[in-house]
**Student:** 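Okay, here's the structure, questions in a sec.
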Amino acid sequence: MNSAKKLMNQQNKTEDNAKKADMPAADKRVLGDAGGGNSKKPIILGAICVIVVIALCVGVGIQQLKPQRVLTINKEKFTMDDMMYPIYERESTYLPMEEMYQYYMGTSVWDAAYQGEDTSIASGTPNSSALKQEIINKETEYGILYNEAVNAKYELTEDEKKDAEKQAEDALKGLSGVQKLKLCISKKNLISRFEKRILADRYKEDQKEILNKEVDEDAAIKDISKEDNRQYDLEYYYVSLSTTDSEGNSKELSDSDKKELADEMRDLLKKAEKAKDFSKLVEDEEKSDIKYNTASFTEKAGWTFVSDKNLKKIKALKNGEISEAFIDDSAGYYVFVKMTDNNSTESYETECDNAIKAAQEKKYEEWYNSLKGGYTVKVNDEIWDDVTIGAVTTSIVTAEDLQAMSEEASSGTSE
């Protein structure tokens with residue numbers, strides 16, 4: 001309709017201009033006359049009608065091609081164009097792993113179980129549907145928190161504005177003009193997106209800082225056993241008692257080969273007792289069958305590398321003490337170890353930190369869900385149900401494209 005009005009207004013201007021120039025109006029001109037005549041009136045009106053009809057049709061077509069609403073938060077609408085970048089973010093993160101998943105697991109990365117951070121998504125949900133829900137959840141959270149930040153009079157700092165611009169530039173690196181068009185992204189709209197994210201994230205962190213003070217940390221860690229999480233740290237040398245043939249089949253070493261390795265391990269053990277650096281006993285490890293490694297295990301979990309019998313002996317070692325060289329049939333290795341710390345609190349502290357963080361996250365989720373309850377959030381399933389993560393932007397920016405972009409970035413040639 002707007003297009004039709006513009007055409008009619010343009011026609012009226014033409015008529016007015018004709019009058020000002022003392023020329024006959026279009027409906028008074030005749031053929032052969034300098035100003036036109038009445039016989040041309042049907043032709044002119046017919047042409048106008050055709051143009052109006054075409055304009056109306058074009059207007060309807062444009063309306064049909066307009067990006068359709070996917071998400072609404074109160075009165076703010078997010079179209080499919082708005083969703084293209086967050087879809088691209090996920091797909092470009094997972095797509096490079098597709099070949100590996102197909103080769104090693106015989107399945108698509110999109111069908112693999114979700115391992116993301118959105119705790120509202122059920123365990124075992126395939127990536128394709130899980131990431132789809134993650135996008136909706138995250139865009140909703142950004143939208144709500146940004147709105148709350150604005151209401152709280154938050155403003156971007158100059159450094160944050162520069163950060164948003166830098167993020168936009170990085171996101172566009174390596175993409176062709178056609179790819180940007182198909183992804184519905186530009187530097188301008190990406191800067192706007194990242195500015196909103198930055199402000200929303202700052203508001204979120206400020207709220208979490210307040211909420212974290214309400215968490216009872218003692219209650220969060222009361223069920224964590226310090227004894228069960230007693231950690232043992234050690235260094236060790238090992239050599240396999242089997243070998244692998246050209247076809248990948250494992251074969252146990254002969255008795256003579258085992259004896260030779262046993263002699264080597266005992267010699268190394270003597271060297272270890274005098275060495276200042278336990279990790280440097282083998283001069284050329286690449287050429288040696290004997291390998292060095294480190295390990296940590298807890299009282300409760302144990303160390304599956306060795307049998308229970310040998311594990312008991314290892315736990316009895318004092319700090320700095322080196323075990324005898326022993327064959328562990330459970331692991332299939334000749335081994336000797338050095339205890340570096342038989343009472344580390346690292347695992348216990350990690351468990352406590354994780355428990356406190358989980359309690360803090362729960363407190364935030366309760367606060368956020370309460371906040372979200374004051375908003376009207378709607379997902380247009382008619383549109384969103386047709387979206388398949390793993391098949392939206394992967395043909396626009398392929399795995400090969402991503403690889404080339406990564407190589408350009410690492411070589412510093414990307415513009």
Side-chain angles (χ1 to χ4, degrees), residues 2-3 6 54-73 76-99 109-110 127-128 131-136 138-140 142-143 146 161-200 379-415:
N2 290 335
S3 299
K6 287 180 181 179
I54 291 173
L56 288 172
C57 291
V58 169
V60 172
I62 291 173
Q63 182 66 28
Q64 291 297 318
L65 291 173
K66 281 178 65 177
Q68 294 178 290
R69 171 185 54 82
V70 171
L71 174 67
T72 303
I73 303 174
E76 186 176 8
K77 296 178 180 180
F78 299 81
T79 68
M80 201 50 212
D81 278 2
D82 297 318
M83 292 299 189
M84 284 295 283
Y85 183 73
I87 291 173
Y88 169 62
E89 278 185 306
R90 272 74 174 184
E91 291 189 334
S92 63
T93 298
Y94 283 79
L95 182 57
M97 296 183 280
E98 172 67 359
E99 186 176 350
V109 67
W110 311 112
N127 270 324
S128 184
L131 292 171
K132 187 173 174 179
Q133 186 59 49
E134 179 186 278
I135 290 169
I136 289 293
K138 204 63 182 176
E139 292 302 298
T140 300
Y142 278 134
Y146 175 73
K161 290 178 182 178
K162 291 177 182 177
D163 186 23
E165 184 173 2
K166 176 67 165 54
Q167 289 184 47
E169 290 171 352
D170 289 343
L172 293 170
K173 278 182 180 177
L175 295 175
S176 68
V178 172
Q179 287 172 324
K180 293 172 190 176
L181 285 172
K182 289 183 176 180
L183 292 172
C184 304
I185 59 175
S186 65
K187 184 175 179 179
K188 181 180 179 181
N189 63 36
L190 282 183
I191 288 175
S192 176
R193 167 176 283 277
F194 291 132
E195 285 182 344
K196 289 181 178 180
R197 282 189 182 184
I198 289 170
L199 206 65
V379 178
N380 185 357
D381 294 328
E382 185 178 348
I383 302 300
W384 196 238
D385 282 352
D386 290 336
V387 173
T388 301
I389 301 300
V392 180
T393 70
T394 51
S395 61
I396 300 173
V397 183
T398 65
E400 290 76 15
D401 293 332
L402 293 170
Q403 177 65 27
M405 289 158 63
S406 176
E407 290 173 356
E408 286 179 359
S410 63
S411 66
T413 58
S414 180
E415 296 182 0

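The analysis underlying the following values was restricted to heavy atoms, covering all of them including side chains, and did not include hydrogens, waters or symmetry mates.
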**Student:** By side chain to side chain donor-acceptor pair (under 3.5 Å), which residues pair with D163, not counting sequence neighbours?
**Tutor:** Q167

**Student:** In Å, rounded to the nearest 0.5 Å, how long is the span from CG of L71 to OG1 of T140?
**Tutor:** 4.5 Å

**Student:** Backbone N or O of I389 within a donor-acceptor pair of the S128 side chain at under 3.5 Å?
**Tutor:** yes

**Student:** Go through I135 and E89 one step at a time and tell me if the side chain to side chain contact (heavy atoms under 4.5 Å, CB included) criterion holds.
**Tutor:** CA-CA 10 Å; I135 290 169; E89 278 185 306; over 6 Å; no

**Student:** Quick one: which residue pairs count as a ring pair (Phe, Tyr, Trp, His ring centres under 6.0 Å) with a foot in residues 167-200, not counting sequence neighbours?
**Tutor:** Y85-F194

**Student:** How long is the span from the CE atom in M80 to the CG atom in N380, to the nearest 0.5 Å?
**Tutor:** 11.0 Å

**Student:** Partners of S186 by side chain to side chain contact (heavy atoms under 4.5 Å, CB included), sequence neighbours excluded?
**Tutor:** K188, N189

**Student:** Within the structure provided, determine whether L175 and Y88 are in side-chain contact (heavy-atom separation under 4.5 Å).
**Tutor:** yes

**Student:** Would V70 and D82 count as a side chain to side chain contact (heavy atoms under 4.5 Å, CB included) if you check the C-alpha gap in whole Å, the side-chain angles of each, and the deciding distance to 0.1 Å?
**Tutor:** CA-CA 9 Å; V70 171; D82 297 318; over 6 Å; no

**Student:** Kindly give the heavy-atom pair with the smallest separation between A164 and E195, and that separation in Å.
**Tutor:** CB-CG, 3.5 Å

**Student:** Taking salt bridge (Lys or Arg N to Asp or Glu O under 4.0 Å) as the test, write out the residues that go with E98, two or more places apart.
**Tutor:** none

**Student:** Tell me, please, which residues at least two apart from K187 pass salt bridge (Lys or Arg N to Asp or Glu O under 4.0 Å).
**Tutor:** E165, E169

**Student:** Show me the pairs that pass side-chain hydrogen bond (donor to acceptor under 3.5 Å, both in side chains) and involve residues 382-402, at least two apart or across chains.
**Tutor:** E91-T393, Q179-D401, T398-E400, T398-D401

**Student:** Tell me whether the count of non-hydrogen atoms from other residues, nucleotides or ligands lying under 6.0 Å of NZ in K180 goes above 12.
**Tutor:** yes

**Student:** Identify the heavy atoms of S92 and P96 that sit nearest to each other, and give their distance.
**Tutor:** O-CD, 3.2 Å

**Student:** Partners of K161 by salt bridge (Lys or Arg N to Asp or Glu O under 4.0 Å), sequence neighbours excluded?
**Tutor:** E158

**Student:** In chain order, what residues pass the salt bridge (Lys or Arg N to Asp or Glu O under 4.0 Å) check against K182, with sequence neighbours excluded?
**Tutor:** none

**Student:** Mind checking whether R193 and P86 have side chains closer than 4.5 Å, heavy atoms only?
**Tutor:** yes

**Student:** Are M83 and I136 close enough that some pair of their side-chain heavy atoms sits under 4.5 Å apart?
**Tutor:** yes

**Student:** What's the shortest heavy-atom distance between G143 and I73, and which atoms?
**Tutor:** CA-CD1, 4.0 Å

**Student:** Could you pull out the closest heavy-atom pair between M84 and C184, with the gap in Å?
**Tutor:** CG-SG, 4.2 Å

**Student:** For V387 and K132, work out which heavy atoms get closest and say how close.
**Tutor:** O-NZ, 2.8 Å

**Student:** Quick one: CD on E139 to CD1 on I87, what's the gap to the nearest 0.5 Å?
**Tutor:** 9.5 Å

**Student:** Please check if the side chain of N127 supplies one atom and the backbone of V109 the other of a donor-acceptor pair under 3.5 Å.
**Tutor:** yes

**Student:** Restricting to side chain to side chain contact (heavy atoms under 4.5 Å, CB included), what partner residues turn up for K138, sequence neighbours left out?
**Tutor:** R90, E141, Y142, K204

